[in-house]
Amino acid sequence: MIDDAQLAAIARECRVQIIRMLTHAGSGHPGGSLSVIDLVTTLFFQRMRHDPKRPDWPDRDRLILSKGHAVPAVYAAMARAGYFPEERLITLRKLGSPLQGHPDRTALPGIEAATGSLGQGLSIALGMALGLRSSGSPARVYCIMGDGEIQEGQVWEAAMAAPELGQPDRPLDNLVVILDENRIQLDDFVAKVRDIEPVAAKWKAFRWPVIEIDGHDVGQITKALDQAEATTGVPTFIVAHTVKGKGVSFMENDPEWHGKAPKPSEAIKAIREVLGVTEGAWEEYLKTDSATRAIVDELAALEKK
């Protein structure tokens with residue numbers, strides 16, 4: 001069993017890979033990928049039943065990333081878990097690559113749904129959860145949504161339906177919805193565009209049990225997932241309070257970094273911050289970490305192109 005410290009280390013490695021792949025792509029969404037990665041790594045490495053060698057295993061747990069633009073976080077976790085070699089990460093958004101800017105289930109085994117047209121993931125997750133429950137499968141479904149995304153009307157139709165679907169014999173207590181509440185969407189802060197608060201009270205009014213956590217605290221994430229798994233009769237909604245661009249000082253809480261890739265020099269600074277190394281200690285650190293040294297040299301070469 002992977003402990004919290006190991007999970008945090010995996011999330012840190014994935015943050016480095018997110019920054020790396022977006023820099024190579026020259027486009028993409030760093031803010032939401034960095035805000036969601038602690039949730040994604042906890043699911044992949046501690047919670048979900050899945051097998052990289054058998055991505056179509058019928059009884060696998062499913063992850064629907066409804067906020068599909070944050071898929072670099074899922075790609076980083078999948079590569080770390082062994083679905084494909086990490087070297088492939090730098091093909092993000094390249095023509096012909098299975099690692100498209102939004103998830104493509106026909107291109108990459110292990111992706112459960114093509115998402116990114118915001119507001120649709122929860123409906124997909126409901127259908128999967130109901131189908132699994134009806135077939136007697138023990139598999140669970142996890143759906144990660146963005147807070148700007150839940151301004152979409154389709155989300156609320158699905159939210160109203162979920163506690164009723166399958167009742168009374170096949171309730172969707174195999175479904176967990178996690179809100180990545182980083183408070184920023186494409187144009188600005190969510191509260192300025194169309195405020196979703198009081199979001200917890202709204203979901204409670206639709207008869208969902210609601211759990212609120214720090215979405216960067218793997219201990220809290222794990223405890224909330226335990227609580228959701230122990231809940232019977234209805235699906236569970238988890239509000240994960242997160243920070244857009246978490247781990248990189250110049251990206252955190254800045255709407256500009258919703259959909260802008262870092263330049264190579266910015267990426268190297270971002271990686272140093274993610275690893276918690278001061279500027280003065282950076283060169284000495286790189287002498288002891290050959291993997292990071294290789295990534296830094298790779299990114300520096302991009303700067304010269």
All ring pair (Phe, Tyr, Trp, His ring centres under 6.0 Å) counterparts of His102, not counting sequence neighbours: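 His102 satisfies ring pair (Phe, Tyr, Trp, His ring centres under 6.0 Å) with no other residue.
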With a cut-off of 3.5 Å and sequence neighbours excluded, list every side-chain donor-acceptor pair involving residues 197-207.
from   : atom 1 : to     : atom 2 : distance (Å)
Glu197 : OE1    : Val199 : N      : 3.0
Lys202 : NZ     : Ile196 : O      : 2.9
Arg207 : NH2    : Glu164 : OE2    : 3.0

Salt bridge (Lys or Arg N to Asp or Glu O under 4.0 Å) involving Arg62 - partner list, sequence neighbours excluded: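 In terms of salt bridge (Lys or Arg N to Asp or Glu O under 4.0 Å), with neighbours along the sequence ignored, Arg62 is linked to no residue.
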With sequence neighbours left out, the residues meeting salt bridge (Lys or Arg N to Asp or Glu O under 4.0 Å) with Lys260 are Glu256
Any donor-acceptor pair under 3.5 Å linking the side chain of Glu181 with the backbone of Val239?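 Not a single qualifying donor-acceptor pair exists.
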So does His24 get a backbone contact from the side chain of Lys94, meaning a donor-acceptor N/O pair under 3.5 Å?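 Yes.
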Looking at every non-hydrogen atom in both residues, tell me the closest pair between Pro103 and Ala113 and how far apart they are. CB-O, 3.8 Å
Specify the closest pair of heavy atoms between His216 and Val243, including all atoms of both residues, with the distance to one decimal. NE2-N, 2.9 Å
Judged by modelled atom types alone, do [X] and [Y] share a side-chain donor-acceptor pair under 3.5 Å?
X      : Y      : answer
Ser123 : Gln154 : yes
Gln46  : Thr222 : yes
Thr242 : Asn182 : no

Glu273 vs Arg15, test: salt bridge (charged side-chain N to carboxylate O under 4.0 Å, His left out). Steps then yes/no. CA-CA 10 Å; Glu273 291 190 2; Arg15 280 189 166 89; over 6 Å; no
By the rule that ILVMFWY residues connect when side-chain heavy atoms come within less than 4.5 angstrom, directly or transitively, which residues belong alongside Phe189? Ile184
side-chain contact (heavy atoms from CB on, under 4.5 Å) partner of Ile238, the single match among Val177, Asp180, Leu225: Leu225
When you measure from the centre of the six-membered ring of Trp57, is the NZ or CZ of Arg54 under 6.0 Å away and within 45° of the axis?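 The answer is yes, since Arg54 meets both limits relative to Trp57.
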Audit row: Tyr83, His50, ring-ring contact (aromatic ring centres under 6.0 Å, His included) steps and yes/no: CA-CA 11 Å; Tyr83 281 86; His50 63 106; 5.8 Å; yes
Taking NZ, NE, NH1 and NH2 as the nitrogens, is one of them in Glu266 or Lys269 under 4.0 Å from a carboxylate oxygen of the other?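 The answer is no: the pair does not qualify as a salt bridge.
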Taking side chain to side chain contact (heavy atoms under 4.5 Å, CB included) as the test, write out the residues that go with Ala281, two or more places apart.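 So Ala281 forms a side chain to side chain contact (heavy atoms under 4.5 Å, CB included) with Val277, Thr278.
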If you round to the nearest 0.5 Å, how far is CZ of Phe84 from CG of Leu89? 5.0 Å
